[in-house]
Amino acid sequence: MTLRLTNTLTRAKADFVPLHEGMVSIYCCGVTVYDLCHLGHARSYIVWDVLRRYLIWLGYQVTFVQNYTDIDDKILARAAAEGSSMEAVSERNIEAFVTDMTALNILPADRMPRATRSLDAIRTLISDLEARGAAYSVDGDVYFAVLKHRGYGKLSGRDLAEQQDNASGRVASAEEGRKHHPFDFALWKGAKAGEPSFPSPWGPGRPGWHIECSAMVREVLGDTIDIHLGGADLIFPHHENEIAQSEAATGKELARWWLHNGMVNVGGEKMSKSLGNFTTIRALLELGVSPMTLRLFVLQAHYRKPLDFTAAALEAAATGWKGLNAALGVGRTYAHLLPWSESTAGDLAALPDDLAASKGRFIAAMDDDLNTAAAMGELFELARPLRALANRLQRRDIPGAADLAQGGRWRLLIELAGVLGLEPEQPRLPSLQGFRGDQATSGEPPTKAKPAASLVRNPTDVQSTTPVGFTLEGSPGEDIRALIERRKAAKAVRDFATADRIRDELRSQGIELIDRPGGSTEWLRR
RNA sequence: GGCGGCAUGGCCAAGUGGUAAGGCAGAGGAUUGCAAAUCCUUUACCCCCAGUUCGAAUCUGGGUGCCGCCUCCA
């Protein structure tokens with residue numbers, strides 16, 4: 001079995017073979033840090049995180065580099081608008097980026113260069129391009145001459161001769177007079193009054209957008225890397241220009257593989273800052289959408305296809321994750337009944353046939369251009385018997401020999417889910433609390449070991465913690481525990497009308513009661 | 001106008017020549033005083049037309065609809 005990936009450069013799927021055996025170098029285009037990241041960024045970085053995790057799992061030594069663009073017009077505009085500095089805006093958003101990525105369980109890159117700290121490499125690269133006649137300067141600006149570089153357009157499938165100039169009718173006119181060709185782009189921008197600038201042989205200024213990536217790749221990873229990643233919206237002009245710059249300067253291929261992820265759509269339209277239809281990662285998490293739900297949502301679609309973001313789809317993902325999470329948690333939730341080791345050491349080598357087949361299908365799916373949707377299907381298949389087992393244990397059945405033998409399945413599920421970065425999640429405390437009405441009835445697990453559950457039906461309905469102080473039938477301030485006791489008493493004398501009224505009242509307050517076999521009652525807050 | 005992509009059950013989404021994964025929702029069942037939660041079971045001939053083939057959702061041609069890029073964008 002071999003990993004096959006779709007290379008934008010060739011528009012075909014092909015066996016992935018790294019430059020150096022057993023080692024993979026990856027560069028992933030990062031964010032321009034002028035604002036918070038939204039779901040579109042989340043998708044991109046979740047998908048590439050999975051690629052990275054999978055390669056590592058396969059045994060490759062992966063070097064993953066991702067940049068921060070911390071010099072940019074938008075950052076300057078933002079700084080001006082809020083009366084702060086480019087550095088302040090960048091720092092704040094880099095911090096936010098780290099927080100969000102960490103929450104989503106995205107592995108930090110091995111190196112995270114910043115444009116402002118890569119200026120030497122940038123200036124060197126521009127000088128090299130100038131020396132090779134691929135760049136020209138005009139009054140403090142330096143431009144790349146696309147006509148001087150054979151092969152310009154090879155990534156995006158554009159033919160310079162056939163391109164209609166100004167096709168979009170929106171090319172800035174001020175710059176046009178200085179450029180030799182409309183597609184020529186700035187390598188270095190001369191500083192305008194009041195802008196932060198950096199010294200250079202062409203005068204004070206700052207680097208253009210594209211050059212930083214070329215410079216960072218060269219500086220950190222070398223002239224040619226295995227894989228270059230980014231969103232499909234970066235194919236042109238960003239990646240096309242990166243290729244032109246790098247290859248004109250080094251005479252070598254920049255990246256052997258170019259992978260691009262599809263966009264996140266909202267109502268059929270691309271989610272983007274400019275359209276204003278974006279939802280930040282932060283906002284989603286604050287609404288109570290769990291990070292793993294987000295990962296599952298993203299990974300249930302193929303990475304190259306557009307992904308439509310709707311409340312219904314997210315809700316479906318949340319419910320799906322709840323089930324998968326329950327299966328991932330059985331070994332811990334029922335640790336007192338299932339003496340399973342969590343260690344997978346030595347376990348995955350000799351799998352029984354059905355599990356080996358399962359693992360094989362997972363790998364086959366991932367090998368096929370990271371078909372995470374199919375891989376996820378395999379995860380759910382693996383989970384099914386574990387969920388059934390959990391159901392039986394919840395009913396206080398005693399696990400039989402066949403049940404105890406499911407430990408291998410559980411460990412395999414955890415292992416494979418981990419490849420997708422899906423890790424068992426504890427229920428979020430604000431939305432789930434409970435207690436046992438009848439602790440003495442049997443040797444059941446302590447409260448904290450309750451089966452995982454989260455009633456996140458609709459993200460917008462999720463409530464944060466609120467002090468409990470319910471009123472019912474003229475009993476001010478009675479708390480849930482007392483109400484449950486009263487209901488229990490009513491049930492004992494078969495006064496179901498009262499019992500149901502208490503339950504309905506609590507439900508209307510957002511508290512869901514769950515009667516368990518044995519007469520205990522738990523409650524959940526939604 | 002140029003380049004690229006997509007159309008699969010109520011919704012989301014795999015499948016790229018051999019007779020439709022998975023998730024959500026719905027229905028039935030187990031369980032329950034009734035519920036809830038959980039578990040079990042269960043629901044499709046794949047946008048249209050014409051071709052190739054023993055056989056196509058899967059290949060070819062045509063049509064229709066939708067989206068992305070060509071400006072900053074993951």
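In this text, all values refer to a predicted model and were calculated from it rather than measured experimentally. Below, read A as the first sequence line, B as the second, and so on, with proteins coming before strands; counting in each chain starts at 1.
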**Request:** Please check if any side-chain donor atom of A:Glu381 sits under 3.5 Å from a side-chain acceptor atom of A:Ser358, or the reverse.
**Result:** no
**Message:** Need the pair for B:A7. Rule: Watson-Crick or G-U wobble, both distances under 3.5 Å, any strand; none if unpaired.
**Reply:** B:U64
**Request:** Would you mind reading off the distance between A:Ile484 atom CD1 and B:A35 atom P, rounded to a whole angstrom?
**Result:** 20 Å
**Request:** Go through residues 370-377 of chain A and report each residue with a non-hydrogen atom lying under 4.0 Å from RNA chain B, sorted by number.
**Result:** A:Asn371, A:Ala373, A:Ala374, A:Gly377
**Request:** Would you say whether A:Phe380 stacks on B:G22? The test is a distance between ring centres of less than 5.5 Å and an angle between planes of less than 30°.
**Result:** no
**Prompt:** Taking the same atom, P, in B:G29 and in B:G22, what whole-Å distance lies between them?
**Reply:** 23 Å
**Item:** Rounded distance in Å - CD1 (A:Ile106) to P (B:A74)
**Value:** 14 Å
**Residues forming a salt bridge (charged side-chain N to carboxylate O under 4.0 Å, His left out) with A:Asp72, sequence neighbours excluded** = none
**Request:** Verify the distance criterion only: is there a donor paired with an acceptor across the side chains of A:Asn391 and A:Arg395 at less than 3.5 Å?
**Result:** yes
**Asked** Who pairs with A:Asp100 by salt bridge (charged side-chain N to carboxylate O under 4.0 Å, His left out), at least two apart in sequence or on another chain?
**Response** A:Arg282
**Prompt:** Taking the C1' atom of each, how far is B:G5 from B:A20, in whole Å?
**Reply:** 23 Å
**Asked** Using a cut-off of less than 4.0 Å, is there contact between a side-chain N or O of A:Arg487 and OP1 or OP2 of B:C34?
**Response** no
**Message:** Please report the distance, rounded to the nearest Å, between NZ in A:Lys154 and P in B:C70.
**Reply:** 21 Å
**Request:** Using whole Å, report how far CG of A:Leu275 lies from P of B:U71.
**Result:** 16 Å
**Request:** In plain terms, say whether A:Asp15 and A:Arg4 are close enough for a salt bridge, that is, a side-chain N and a carboxylate O under 4.0 Å apart.
**Result:** yes
**Message:** Nearest heavy atom decides the nucleotide; on that basis, is A:Asp72 or A:Arg503 closer to the 5' end of RNA chain B?
**Reply:** A:Arg503
**Prompt:** Between B:U16, B:A74, B:U38, which one does the side chain of A:Asp368 approach most closely?
**Reply:** B:U16
**Message:** Between the base of B:C72 and the side chain of A:Lys74, is one N or O donor paired with an acceptor at under 3.5 angstrom?
**Reply:** yes
**Message:** Over all strands shown, is A:Ser156 touching base, sugar-phosphate only, or nothing at heavy-atom distances under 4.0 angstrom?
**Reply:** sugar-phosphate
**Separation between the P atoms of B:U52 and B:U42, rounded to whole Å** = 39 Å
**Request:** Name the pairing partner of B:A37, where a pair is Watson-Crick or G-U wobble with both distances under 3.5 Å, or state none.
**Result:** none
**Message:** Distance check, P atoms only: B:A13 and B:C67, in whole angstrom units.
**Reply:** 15 Å
**Asked** Taking the P atom of each, how far is B:A21 from B:C46, in whole Å?
**Response** 15 Å
**Request:** Write down the distance between NE2 (A:His239) and P (B:C72), rounded to a whole number of angstrom.
**Result:** 13 Å
**Message:** Parallel, tilted or perpendicular: which one describes the rings of A:Phe97 and A:Tyr68, with boundaries at 30° and 60°?
**Reply:** perpendicular
**Request:** Starting from P on B:C6, measure out to CE on A:Met263 and report it in whole angstrom.
**Result:** 15 Å
**Request:** Measure from NE2 on A:His238 to P on B:C69 and round the result to the nearest Å.
**Result:** 16 Å
**Atom-pair distance (NZ on A:Lys322; C1' on B:G22), nearest Å** = 18 Å
**Message:** Taking the ring of A:Trp321 and the ring of A:Phe297, is the distance between their centroids below 6.0 Å?
**Reply:** no
**Prompt:** If the P atom of B:G10 is compared with that of B:U71, how far apart are they to the nearest Å?
**Reply:** 41 Å
**Charged tip of A:Arg78 within 45° of A:Tyr34 ring normal and under 6.0 Å** = no
**Message:** Could you check whether the side chain of A:Arg392 and the base of B:A30 have a donor-acceptor pair of N or O atoms closer than 3.5 Å, going by distance alone?
**Reply:** no
